[in-house]
Amino acid sequence: MVDGRVRRAGSVSSNEDGLDVWFARAQRGEPAALDGLLRAVFPTAQRFAARSCPSREDAEDAVQDALTALVRRVGALRAAETVTSWLFVTIRNACLRRVPGVILVPLEAVPETARPDIASAVVNRLVVADALAALPAAQRDVVVLVDLLGLPAERTAQRLGIGVRATKSRLHRARRALAASISEPKARTSA
């Protein structure tokens, strides 16, 4: 990390074993390992942000916010496997904060009577996230822009460089594929 910005290094491996090593050493407080961990997750963070944020500038800011938060929280994470899912949630929230009209409510503000439903809502969100990740990129992009970020079809079409009718058609196919994927009675395993 240089001047608050992470630079990409081609020599750092981002494979699962490499991430485990960087993570374990970073949790012990080794500065070089923390740098290695940031370099290892940087490309993944960029991909998440590019798909989740409304603009390139917002995506870059979201990545920096997430990596800065990772530096502060690396000791609190339980395992290297949780880093990417934690990054995804952190980046998604950073992107949502940048969308006008979106207000994120902290968990402490949720009434006690609603808290038992939170666990099932988290499970449902994970199922939807898995189904969304399985979509082809073109369909995933339109669902993220319209259904998650709330962009109208016209702005979505403009951003994707396609017509409004094509956007609506792609959105319809994506929603059908998501519904089919979510309703499939296949066995789900946890990571």
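Throughout, numbering of the chain's residues begins at 1 and tracks the sequence. Excluded from the calculations below are hydrogen atoms, water molecules and symmetry mates; all remaining heavy atoms, backbone and side chain alike, are included.
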Rounding to 0.5 Å, atoms CG (L149) and CZ (R92) come to a distance of 10.5 Å
Distance-only donor-acceptor check, side chains T68 and R72, under 3.5 Å | no
Residue pair A153 / T167: nearest heavy atoms and the distance that separates them = O-CG2, 4.0 Å
Tell me, yes or no, whether the heavy-atom count around R56 atom CZ, taken from other residues, nucleotides or ligands under 6.0 Å, exceeds 12.
-> no
Test item: Q27 side-chain N/O and V74 main-chain N/O as donor-acceptor pair under 3.5 Å = yes
Atom pair CD/CG of Q46 and L87 - distance to nearest 0.5 Å = 11.5 Å
Pairwise side-chain contact, L132 with V144, heavy-atom cut-off 4.5 Å (strictly under) = yes
Output for pair (L145 CG, L151 CG), nearest 0.5 Å, gives 5.5 Å
For residues F48 and T84, report the shortest heavy-atom separation together with the two atoms involved.
-> CE1-O, 3.5 Å
Taking every heavy atom of R170 against every heavy atom of A138, the minimum-distance pair comes out as CD-O, 3.3 Å
Grab the two heavy atoms, one from W86 and one from L70, that are nearest each other, plus how far apart they are.
-> CH2-N, 3.4 Å
Drop me the distance from E30's CD to L37's CG, to the nearest 0.5 angstrom.
-> 12.0 Å
Please walk me through it: do S169 and R165 pass side chain to side chain donor-acceptor pair (under 3.5 Å)?
-> CA-CA 6 Å; S169 176; R165 291 178 67 185; over 6 Å; no
Which atoms form the tightest heavy-atom contact between W22 and A40, and what is the distance?
-> CD1-CB, 4.2 Å
Determine the minimum heavy-atom distance between C95 and A49, stating which atoms define it.
-> SG-O, 4.3 Å
pair L19-E81: side-chain heavy atoms closer than 4.5 Å = no
Distance col, row L67:CG vs L38:CG, nearest 0.5 angstrom, shows 5.5 Å
Can you tell me how far CD of Q64 sits from CD1 of I91, rounded to the nearest 0.5 angstrom?
-> 10.0 Å
Qualifying salt bridge (Lys or Arg N to Asp or Glu O under 4.0 Å) pairs with a residue from residues 132-155, counting only residues at least two apart or across chains | D147-R175
